[in-house]
Amino acid sequence: MSRIEAAYKVAQERYAEVGVDAAAAIAKLAGVAISLNCWQGDDVAGFEGEYALGDGLAVTGSHPGKARNGDELRADLDEAYRLIPGRHRLNLHAIYAECDGPAVERDALETKHFSRWIDWAKAKGHGLDHNPSYFSHPKSSSGFTLAHQDAGIRRFWIDHGIAIRNIAADMGQALGTPCVNNVWIPDGLKDLPADRKGPRERLTQSLDEIFAEPLDPKYVRDAVEPKLFGIGSESYVVGSYDYYLGYAVKRGKVLCIDTGHFHPTEVMGDKLSSVFSFVDEVLLHVSRGVRWDSDHVVLLNDEVLLIAQELVRGDFLGRTHIGLDFFDASINRVAAWVIGCRSTQKALLRAMLDPIARMKDAERAGDYTSRLCLGEEAKSLPWGAVWDYFCELQGAPVGEAWLAELKKYEQQVLAARKAPSSTKSRAAVAVD
Ligand code: RNT
Ligand code: ZN
């Protein structure tokens, strides 16, 4: 018996004492697939190669070795998945199409432009999720896309939405697992609008057109993502939380909850049981805002823990699609995926190991003293031993052992990459 397993056995007994089945928690966690955000691998650059990142999205940091094409991004993802226990998904974006040859406009994208992603996902056993990209494009530079007052610009973005939704359905069909297709748009205003109603009416029309064709939910699930504010949309966001909550309820769509898209004092975990009362499915964008929607790498903090507890205690995991959404270029980008995903999994495991039956009993009996005591003592139960054993069972490195492996990858693979010439300054090119 390994040292890890021996520690687990002791932990398992300790958990049994508080009425918790650690083996059941391990089995349950193994069934949770988390969708890694492809855009963490290259600072949301994509492969169009033409347009700078914008429309409310910003990445800081200049860690060397960012992926410059699909093969490099897939290699980096392979490395991340290797260091994360369990089997997980990939969340793509339209700008990661591989078109070979002349550029294809976003409204003309087809499934074949994602065939390498689909082949790779099939070979490696990953489900795919998708997103139309409504940013970093000349037609989004006014700050408006689906809610734009110009019908021609709206048409372009509606057609983009339709194209990506169809591609998403093809991905779902090809891989035998529904593809969550998430719509986020940057539309909003820096300063006080004179008309708040008009853009929202236009957005509803655009969304209804994008979702008009009934597609099989076996293949694709439509999600919409609200936001409180963004860079350049500080005063007004067309797709606010109230707007999309209403839209999701009325049209039967998946509601995306991004943990960076609320006021810092709002508690996302508390929203879940409310939302699930009237919405069938939720997509989570697990992120970490620091003072603003800064998209820092997810850590095992109170916010993520409460979300995990609510998903487990409300038995909502089967109705939840969990994705990561952050972009940090100040650290090794592959490490960002590994840390963010493992932290999210740890939160779920901890939630699964909470003595929740006893806590609920205490609550029902009005014994809030016991409820508080049990919850607090549960924090120091040996969940780490269960996590380590889960990693060992899944063939993933235990504890910080993954870091040494990633450092090797950094030296052998990432260090050999040079920044693409388009991002070099003139001076750098001259001395090359
Ligand atoms: C932006 C949203 C959105 C993006 C990605 C790239 O505020 O969070 O989800 O981060 O689609
Ligand atoms: Zn998001």
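Counting begins at 1 with the first residue of the sequence. In listed order, ligands and their atoms are each counted from 1.
With a 4.0 Å heavy-atom cut-off, ligand 1 is reached by the side chain of Leu57 but not by its N, CA, C or O.
The aromatic rings of His160 and Phe156 lie parallel to each other, with less than 30° between the two planes, well short of the 60° mark. Using the six-membered ring where Trp is involved, Phe135 and Trp184 have ring planes that are tilted, between 30° and 60° apart.
A salt bridge links Arg82 to Glu405: one of the charged nitrogens lies within less than 4.0 Å of a carboxylate oxygen. Ion pairing between Lys271 and Glu266 holds under the 4.0 Å rule for side-chain N and carboxylate O.
For His93, a nitrogen or oxygen atom sits less than 3.5 Å from a nitrogen or oxygen atom of ligand 1, counting backbone and side chain alike. Checked against a 3.5 angstrom limit, the closest N/O atoms of Asn131 and ligand 1 fall outside it. Inclusion of Asn182 in the set of residues having an N or O under 3.5 Å from an N or O of ligand 1 is not warranted. In terms of polar-atom proximity, defined here as any N/O pair under 3.5 Å, Asp258 does make such a contact with ligand 1.
In this structure, the protein non-hydrogen atom closest to atom 7 (O) of ligand 1 is Lys227 NZ, 2.7 Å. Scanning the protein heavy atoms around atom 4 (C) of ligand 1, the nearest turns out to be Asp325 OD2, 3.6 Å.
Of the listed residues (Val312, Leu306, Leu311, Ile307), just one forms a side-chain contact (heavy atoms from CB on, under 4.5 Å) with Gln309, and that residue is Leu306.
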Please report the C-alpha distance between Arg106 and Asp159 in whole Å, then the side-chain angles of each, then the deciding distance to 0.1 Å, and finally whether the salt bridge (Lys or Arg N to Asp or Glu O under 4.0 Å) criterion is met. CA-CA 8 Å; Arg106 292 190 197 173; Asp159 288 344; over 6 Å; no

Check against side-chain contact (heavy atoms from CB on, under 4.5 Å), Thr111 and Ile118: CA-CA 9 Å; Thr111 303; Ile118 296 169; 3.8 Å; yes

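Those atoms of ligand 1 with a heavy atom of Phe327 less than 4.0 angstrom away are 10 (O). In the vicinity of His261, heavy-atom distances shorter than 4.0 Å reach the ligand 1 atoms 1 (C), 2 (C), 7 (O), 8 (O). Distances below 4.0 Å separate heavy atoms of Asp293 from the following atoms of ligand 1: 7 (O). Taking a cut-off of under 4.0 Å to the non-hydrogen atoms of Glu225, the atoms of ligand 1 that pass are 2 (C), 3 (C), 8 (O), 9 (O). Interface atoms of ligand 1 facing His285, defined by a heavy-atom separation under 4.0 Å, are 9 (O).
No donor-acceptor distance shorter than 3.5 angstrom exists from the side chain of Asn131 to the backbone of Ser133, with no hydrogens or angles considered. Although no hydrogens or angles enter the test, the distance criterion places no donor-acceptor pair under 3.5 Å between the side chain of Ser141 and the main chain of His137.
Vertex the Zn ion (ligand 2); arms to Glu225 OE2 and Asp325 OD2; angle rounded to 10 degrees, 170°. For the pair OD2 of Asp258 and ND1 of His285, the angle whose vertex sits at the Zn ion (ligand 2) is 110° to 10 degrees.
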